[in-house]
Trainee: 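If you scroll down you'll find the structure; I have some questions about it.
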Amino acid sequence: MPPAETPKITKRKGRSNGSAEVVDRYFAAIDAHDLDGMAACWQPGGRERLVGQRDLDVPAGLRTYFGEVFGAFPDFTIEVLDRIEADGHCTVRWAATGTFAGAPFQGIEPTGARVAIEGLDLLTIDDGLIARNDAFLDGADLARQLGVLPAAGSTQEQRMTALMNRGTRVKRRIASDLEPVAEGVWLMRGGFPMKTMNVYLIEDDGHLTLFDAGIEAMTNAVAAAGARGGGIRRVVLGHAHADHRGVAARLGAPVYCHPAERADAEGDGGAHYMHVERLNPIGKRIMPALLRQWDGGPVEITGTIEEGDDIAGFRVIHLPGHAPGMIGLWRESDRLALTSDCFYTLDPQTGRKGAPRLPHAAFNQDTEQARESVRKLAAMEPAAAWPGHADPLRGDVRSALETAAATT
């Protein structure tokens, strides 16, 4: 279709800064389904950002997306309702209508639905052309009008909400409430159904430091606990295995680890040195799938920490073997050790809890080095040692760890 002469503007607000002409031409071209005219309003290499959906390169991405819109809604029309201009920017509030009677749209077959939506574009104008546009619209409202989501207040929406709430309650059971460990330290247990994954939250100058990052399914519970505790200031990985980095990439907080662990944290989580063939027949079959399910994926490491560094009142101790850069945290004042997977208090193949033991050889980078790290921890004579899984050691911790190092 040929471009229209002017867009259908019902209101204009604000003082013109010279951007009005290109904005008028742009919306007229959209209303006319004129892809060439739209592209001509943009600087090459511009960016159209559909907030919450996708970013479009200009002109190729712009043509592809709006070509799909015009194909799906043959009678698509857009109307400018308000426009405010200032300092090289133009804000446009618009209303669009159309009938979903053409081609499929984003994989959805045409339903014949009549849609009417409003949105807001924040356009940046440079040298008389559009350089950037941030476009906002109510995606949920559009989905309802297309029939992808049930109508607001309908029986179907109530059923969908009830189903979602049931899922939320299940996820809540995956991660329990916080359990006090010592002054300024709390434990969140997670993992379904046995809750054997441990994440530690440490008071840190009005915020929280997270030590060990559990499994991905714990993300929402950890984030909520962090928000209640003043916000998660940083995440410290005891090591980078899938069941200890699961939430790290999803909290928006800087993540730290030992230098020897960085490559695995940003890579495969240490999978390259694991030997699942050393597990029993059931473990061989299910463990690879569990590791994939637990993993939140590679983590961008902000910085590294080494033995002797101070973290929220704890001293970093290097405990290699299970993983090359595995660390624990040690607080001298109460002889508290947070030890990640330096030792186990359960059998990872059966889930049975018991006396401390070396971490399973199937997951170790170097089992003999892991044995020496258990002895190193024992020599520090902790009053309590809290591991990355299951239950802590209390009482004669040194003797229990020395026995573990000598006999497992």
Side-chain angles (χ1 to χ4, degrees), residues 1-106 108 110 112-139 141-142 145-146:
M1 298 181 183
E5 293 298 323
T6 57
K8 296 176 287 185
I9 301 173
T10 58
K11 298 182 182 179
R12 292 194 181 194
K13 295 183 178 180
R15 185 177 57 195
S16 174
N17 63 0
S19 63
E21 181 183 355
V22 69
V23 169
D24 287 356
R25 286 193 287 112
Y26 182 56
F27 278 89
I30 297 173
D31 190 58
H33 303 193
D34 179 10
L35 296 173
D36 290 337
M38 292 170 61
C41 296
W42 280 82
Q43 290 189 351
R47 178 71 66 176
E48 170 90 37
R49 180 173 176 243
L50 307 177
V51 178
Q53 298 182 57
R54 67 184 77 177
D55 286 3
L56 307 175
D57 292 325
V58 178
L62 186 79
R63 289 178 178 275
T64 299
Y65 177 78
F66 278 96
E68 185 180 11
V69 170
F70 301 150
F73 302 89
D75 58 347
F76 178 89
T77 184
I78 191 166
E79 180 179 7
V80 174
L81 303 178
D82 290 288
R83 185 180 65 208
I84 303 174
E85 305 165 53
D87 301 325
H89 300 281
C90 187
T91 301
V92 176
R93 184 170 69 89
W94 50 262
T97 61
T99 308
F100 190 19
F105 180 65
Q106 297 184 2
I108 304 168
R114 179 72 175 169
V115 301
I117 59 171
E118 287 192 19
L120 192 74
D121 282 15
L122 305 179
L123 299 109
T124 300
I125 312 301
D126 185 21
D127 200 20
L129 293 173
I130 302 168
R132 178 187 175 97
N133 183 30
D134 295 278
F136 299 81
L137 60 86
D138 187 342
D141 179 50
L142 176 59
Q145 293 187 53
L146 292 176

Trainee: What closest approach, in Å, do Arg63 and Leu35 show between heavy atoms, and which atom pair accounts for it?
Mentor: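 Where Arg63 meets Leu35 most closely, the heavy atoms are NH1-CB, 3.9 Å.
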
Trainee: Could you walk me through whether Arg132 and Leu123 pass the side chain to side chain contact (heavy atoms under 4.5 Å, CB included) test, one step at a time?
Mentor: CA-CA 6 Å; Arg132 178 187 175 97; Leu123 299 109; over 6 Å; no

Trainee: Of the non-hydrogen atoms in Phe73 and Leu146, which two are nearest, and what is the gap between them?
Mentor: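 So the two residues come closest at CZ-CD2, 3.9 Å.
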
Trainee: Going by the angle between their ring planes, with limits at 30° and 60°, are Phe76 and Phe70 parallel, tilted or perpendicular?
Mentor: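 The arrangement is tilted - the two ring planes meet at 30° to 60°.
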
Trainee: Would you compute the distance between atom OG1 of Thr77 and atom NE2 of His33 and round it to the nearest 0.5 angstrom?
Mentor: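 Nearest 0.5 Å value for the OG1-NE2 distance: 7.0 Å.
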
Trainee: Starting at CG of Asp121, measure out to OG1 of Thr91 and round the result to the nearest 0.5 Å.
Mentor: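 Reported to 0.5 Å precision, the distance equals 9.0 Å.
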
Trainee: Write down the atom of Arg54, the atom of Leu56, and the distance for their closest heavy-atom approach.
Mentor: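 Closest heavy-atom pair between Arg54 and Leu56: CD-CD2, 3.5 Å.
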
Trainee: Find the distance between CG (Asp126) and NE2 (His89) and round it off to the nearest 0.5 Å.
Mentor: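 If we round to the nearest 0.5 Å, Asp126:CG and His89:NE2 are 10.0 Å apart.
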
Trainee: Heavy atoms, side chains only, cut-off 4.5 Å: are Arg83 and Asp24 in contact?
Mentor: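 The answer is yes, as the side chains (C-beta and beyond) meet within the 4.5 Å cut-off.
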
Trainee: Salt bridge or not for Arg25 and Asp34, using N-O below 4.0 Å?
Mentor: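 Result for this pair is no, no salt bridge flagged.
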
Trainee: Could you check whether any side-chain heavy atom of Tyr65 comes within less than 4.5 Å of a side-chain heavy atom of Gln106, counting everything from C-beta outward?
Mentor: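 Side-chain contact under 4.5 Å: yes.
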
Trainee: How long is the straight-line distance from CG of Asp141 back to CD of Glu118, given to the nearest 0.5 Å?
Mentor: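 Rounded to the nearest 0.5 Å, the CD-CG separation comes out at 9.5 Å.
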
Trainee: List the atom of Gln145, the atom of Val115, and the distance in Å for their closest heavy-atom pair.
Mentor: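 Scanning both residues, the minimum pair turns out to be OE1-CA, 3.0 Å.
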
Trainee: How about Phe100 and Ile108: do any of their side-chain heavy atoms sit closer than 4.5 Å?
Mentor: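 Side chain of Phe100 against side chain of Ile108, heavy atoms only: contact under 4.5 Å found.
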
Trainee: Hey, are the side chains of Thr97 and Arg114 touching, using non-hydrogen atoms and a 4.5 Å cut-off?
Mentor: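 Yes, side chains in contact.
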
Trainee: Measure the OG1-CD distance between Thr124 and Gln43 for me, rounded to the nearest 0.5 Å.
Mentor: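 Between Thr124 OG1 and Gln43 CD, I get 10.0 Å after rounding to 0.5 Å.
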
Trainee: Looking at Gly102 and Pro74, what are the two nearest heavy atoms and their distance?
Mentor: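 Shortest heavy-atom separation between Gly102 and Pro74 comes out as N-CD, 3.8 Å.
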
Trainee: What's the separation between atom SG in Cys41 and atom CG in Asn133, rounded to the nearest 0.5 Å?
Mentor: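 Answer for the SG-CG pair, Cys41 versus Asn133, is 11.5 Å.
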
Trainee: Using the side chain to side chain contact (heavy atoms under 4.5 Å, CB included) definition, which of the options Ile117, Asp82, Asp31 pairs with Trp94?
Mentor: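 The single option meeting the side chain to side chain contact (heavy atoms under 4.5 Å, CB included) with Trp94 is Ile117.
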
Trainee: Taking all non-hydrogen atoms of both residues into account, name the closest pair between Cys90 and Glu85 and its distance.
Mentor: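 That closest heavy-atom pairing would be SG-CG, 3.7 Å.
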
Trainee: Measuring only between side-chain heavy atoms, which start at C-beta, is Met38 closer than 4.5 Å to Glu48?
Mentor: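 No, their side chains stay 4.5 Å or more apart.
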
